Amino acid sequence: MIVRMTSNTSLLTRSLSAVWHPCTQMKRHETLPLVPIARGKGVWLHDLEDRRYLDAVSSWWVNLFGHSEPRINAALTDQLGKLEHVMLAGFTHEPVVQLSERLRELAPNGLGHCFYGSDGASATEIALKMSAHYWRNNGQPEKTQFVSLQNSYHGETLGALSVTDVALFRDAYGPLIRQNATVPSPDWRNAQEGESAEAFALRCAQALDQHLQQHHHEIAAMIIEPLIQGAAGMAMYHPAYLRAARELCTRYGVHLIADEIAVGMGRTGTLFACEQADISPDFLLLSKGITGGYLPLSIVMTTDDIYQAFYADETARGFLHSHSYTGNPLACRAALATLDIFAQDDVLKANRSKTAFLNLIAEPLRTHARVRNFRNTGMVWAFEVESSHADFAQRCFSLGLEQELLLRPMGNTVYFMPPYVITEEEMQLMVTRTLAVINELT
Ligand SMILES: *Cc1c(COP(=O)(O)O)cnc(C)c1O
């Protein structure tokens with residue numbers, strides 16, 4: 001039956017009728033209400049009845065400087081009066097050129113060429129295609145395989161799923177997905193008793209060495225989330241693994257794709273996570289925070305060596321990949337405003353103090369009898385909660401809302417990934433209220 005909606009029908013009912021929500025078993029919403037958001041300011045989201053929620057997950061890891069940031073708003077308003085969009089094939093514009101130039105200055109050495117996509121998964125697709133196409137153009141068409149870490153996440157389109165190792169997202173589509181190998185993750189929670197994170201990382205790198213030694217003839221690239229495997233449950237690892245991976249990929253003639261979609265833009269404490277291992281990948285993927293959480297945009301940065309392999313008289317040697325909104329001027333302006341804020345506010349330095357402060361006040365969480373593996377990298381914190389509730393994540397989410405908190409645990413892993421503008425008072429509130437939630441659940 002088709003229900004005729006009137007303007008009085010609540011937003012929730014209308015949403016459930018017309019909108020298919022992402023990453024959701026829709027039937028759950030028979031009992032779990034949607035949260036209708038009317039506006040946002042700083043770290044706070046406000047619902048239709050003006051209840052507020054502290055956005056402790058930066059709206060799925062995209063927001064950097066809070067909601068409704070005046071400088072990003074102003075940049076977008078200015079751009080709206082000039083040019084909202086133009087195709088990027090055969091045309092160009094100031095925002096996309098400026099953004100490419102500025103990222104080249106900021107990124108690890110050698111990443112001088114920017115290719116644009118619309119979201120994270122499309123960046124993964126672009127990098128995988130570009131890598132295999134590079135080898136084909138260079139007379140090694142047999143290099144078509146990819147390798148990723150166990151529990152990796154690189155997006156959910158079919159190509160990206162082939163390098164994503166999260167069963168829940170993959171299993172239903174098994175027959176549609178190409179098989180690629182995974183190698184052991186250096187996630188330090190899997191280290192042996194008494195083994196340091198660094199020693200464990202180096203032990204995992206030996207497994208990578210063996211795999212590449214045997215299979216490098218058919219492998220185009222390794223794709224990796226530097227320092228933090230986000231969707232694996234904020235699995236953190238020692239930068240020694242990245243250094244080893246860089247060295248091994250170079251030795252065996254395999255590209256290294258650094259997926260910094262979630263960890264880039266200051267999230268790990270440096271502008272790019274790769275900096276902490278002092279490495280340059282062959283491809284660097286950016287999305288999520290690149291526009292401050294305003295607009296969808298992704299960027300694949302790559303080297304002159306790769307660019308030159310496509311540069312020729314024959315059309316077919318070129319990279320003939322396109323998205324309608326490639327290099328959208330509004331999204332590029334949001335990204336430029338985001339980079340301006342990093343410079344104007346010395347964000348990385350301010351974040352170091354915030355990180356230290358939160359680590360200090362999080363002591364009751366770290367030492368909580370039911371909390372395990374409390375960990376931190378830059379502006380990301382995570383820990384596991386021992387709880388007998390089968391639906392822990394759901395209950396934690398619901399109880400969080402009652403405490404004015406947007407928490408979205410992954411399984412039993414609770415994490416904080418707040419906007420960088422969070423104040424000490426707001427951090428205190430986030431920790432105290434999270435403790436209250438955990439106490440109620442354990
Ligand atoms: C979110 C994410 C993606 C996918 O980005 P979408 O914009 O959601 O397609 C890819 N890789 C990593 C590491 C991510 O966190």
Side-chain angles (χ1 to χ4, degrees), residues 21-25 55-64 117 119-125 127-128 146-174 177 180-190 204 222-237 241-242 245 257-265 267-268 273-274 284-290 293 296 298 373 375-385 391-394 396-397 406-418:
H21 292 264
C23 204
T24 300
Q25 171 47 265
D55 190 354
V57 302
S58 292
S59 288
W60 257 357
W61 320 350
V62 300
N63 191 289
L64 300 188
D119 52 34
S122 68
T124 298
E125 301 287 340
L128 299 181
F146 302 100
V147 58
S148 66
L149 295 183
Q150 275 164 12
N151 303 319
S152 56
Y153 181 92
H154 300 288
E156 293 171 57
T157 50
L158 291 175
L161 269 181
S162 80
V163 288
T164 286
D165 184 36
V166 179
L168 188 63
F169 299 146
R170 252 187 91 107
D171 285 358
Y173 314 104
I177 302 170
N180 283 306
T182 57
V183 289
S185 161
D187 171 1
W188 65 249
R189 289 173 299 175
N190 298 327
C204 290
M222 173 186 204
I223 182 165
I224 190 166
E225 296 158 87
L227 300 186
I228 307 175
Q229 293 184 276
M234 300 300 162
M236 297 181 186
Y237 63 87
Y241 188 84
L242 288 176
I257 304 171
D259 176 352
E260 297 222 13
I261 289 167
V263 297
M265 307 311 291
R267 198 39 91 170
T268 65
C274 281
L284 182 78
L285 314 187
L286 298 174
S287 190
K288 292 205 164 101
I290 184 72
S298 63
N373 303 324
R375 54 195 180 276
N376 162 241
T377 300
M379 291 294 283
V380 184
W381 291 261
F383 51 90
E384 278 70 54
V385 178
D391 56 349
F392 174 84
Q394 198 83 73
C396 188
F397 172 76
L406 196 184
L407 294 172
R408 204 172 186 278
M410 295 181 274
N412 275 36
T413 303
V414 177
Y415 69 93
F416 301 138
M417 200 158 160

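From a predicted model like this one, the values you see are computed outputs, not experimental measurements. Reckoned from all heavy atoms, side chains included, excluding hydrogens, waters and symmetry mates.
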>> I need the Ser298 OG to Ile290 CD1 distance, nearest 0.5 Å.
In response: 10.0 Å

> Between Phe392 and Val414, is a side-chain contact (heavy atoms from CB on, under 4.5 Å) present by the stated rule, with each step listed?
Replying inline: CA-CA 10 Å; Phe392 174 84; Val414 177; 3.8 Å; yes

> Passes side chain to side chain donor-acceptor pair (under 3.5 Å), Trp61 versus Tyr415? Steps please.
Replying inline: CA-CA 11 Å; Trp61 320 350; Tyr415 69 93; 2.8 Å; yes

>> Contact between Thr413 and Asn373 at the side-chain level, heavy atoms closer than 4.5 Å - yes or no?
In response: no

> Between the main-chain N or O of Ala160 and the side-chain N or O of Glu125, is there a donor-acceptor pair closer than 3.5 Å?
Replying inline: yes

>> Using the rule side-chain hydrogen bond (donor to acceptor under 3.5 Å, both in side chains), only one of Ser185, Ser152, Ser148 pairs with Gln229; which is it?
In response: Ser185

> What's the shortest heavy-atom distance between Cys23 and Trp60, and which atoms?
Replying inline: CB-CH2, 3.9 Å

>> I need the Phe416 CZ to Leu407 CG distance, nearest 0.5 Å.
In response: 6.5 Å

>> Run Tyr237 and Leu242 through side-chain contact (heavy atoms from CB on, under 4.5 Å) and show every step you take.
In response: CA-CA 9 Å; Tyr237 63 87; Leu242 288 176; 3.5 Å; yes

>> Distance check, rounded to the nearest 0.5 Å: Ile224 atom CD1 versus Asp259 atom CG?
In response: 10.0 Å

>> Testing the basics here: between Gly411 and Ala393, what is the closest heavy-atom pair and its distance to 0.1 Å?
In response: O-CB, 3.6 Å

> Does Asn412 have any side chain to side chain donor-acceptor pair (under 3.5 Å) partners at least two apart in sequence or in another chain, and if so, which?
Replying inline: none

> What are the two closest non-hydrogen atoms of Met222 and Ala245, and how far apart are they?
Replying inline: SD-CB, 4.2 Å

> Say you draw a straight line from CE of Met410 to OH of Tyr153; how long is it, rounded to the nearest 0.5 Å?
Replying inline: 11.0 Å

> Under the 3.5 angstrom rule, does the side chain of Glu225 hit a backbone N or O of Val263 as a donor-acceptor pair?
Replying inline: no

> With distance as the sole test, does Thr124 use its side chain to make a donor-acceptor pair with the main-chain N or O of Gly155 at under 3.5 Å?
Replying inline: no

> Short question: side chain of Arg189, backbone of Asp187 - any donor-acceptor pair under 3.5 Å?
Replying inline: no

> Which pair of heavy atoms, one from Ile261 and one from Ala123, lies closest together, and at what distance?
Replying inline: CD1-CB, 4.4 Å

> Thr268 and Val380: side-chain contact (heavy atoms from CB on, under 4.5 Å), yes or no, with the steps?
Replying inline: CA-CA 7 Å; Thr268 65; Val380 184; 5.9 Å; no

> For the atom pair CG (Leu161) and CD1 (Ile177), what is the distance rounded to the nearest 0.5 Å?
Replying inline: 4.5 Å

> Pick one: which of Met379, Arg408, Arg267 meets side chain to side chain contact (heavy atoms under 4.5 Å, CB included) with Met417?
Replying inline: Arg267

>> Using side-chain contact (heavy atoms from CB on, under 4.5 Å), reason through Val183 and Leu149 one step at a time and then give a plain yes or no.
In response: CA-CA 5 Å; Val183 289; Leu149 295 183; 3.9 Å; yes

> Can you list every pair that meets side-chain hydrogen bond (donor to acceptor under 3.5 Å, both in side chains) and has a residue in residues 160-172, with sequence neighbours left out?
Replying inline: Ser162-Asn180

> Would Asn63 and Ser59 count as a side chain to side chain donor-acceptor pair (under 3.5 Å) if you check the C-alpha gap in whole Å, the side-chain angles of each, and the deciding distance to 0.1 Å?
Replying inline: CA-CA 6 Å; Asn63 191 289; Ser59 288; 5.9 Å; no

> Under 3.5 Å, side chain of Glu260 to main-chain N/O of Leu284, donor-acceptor pair present?
Replying inline: no

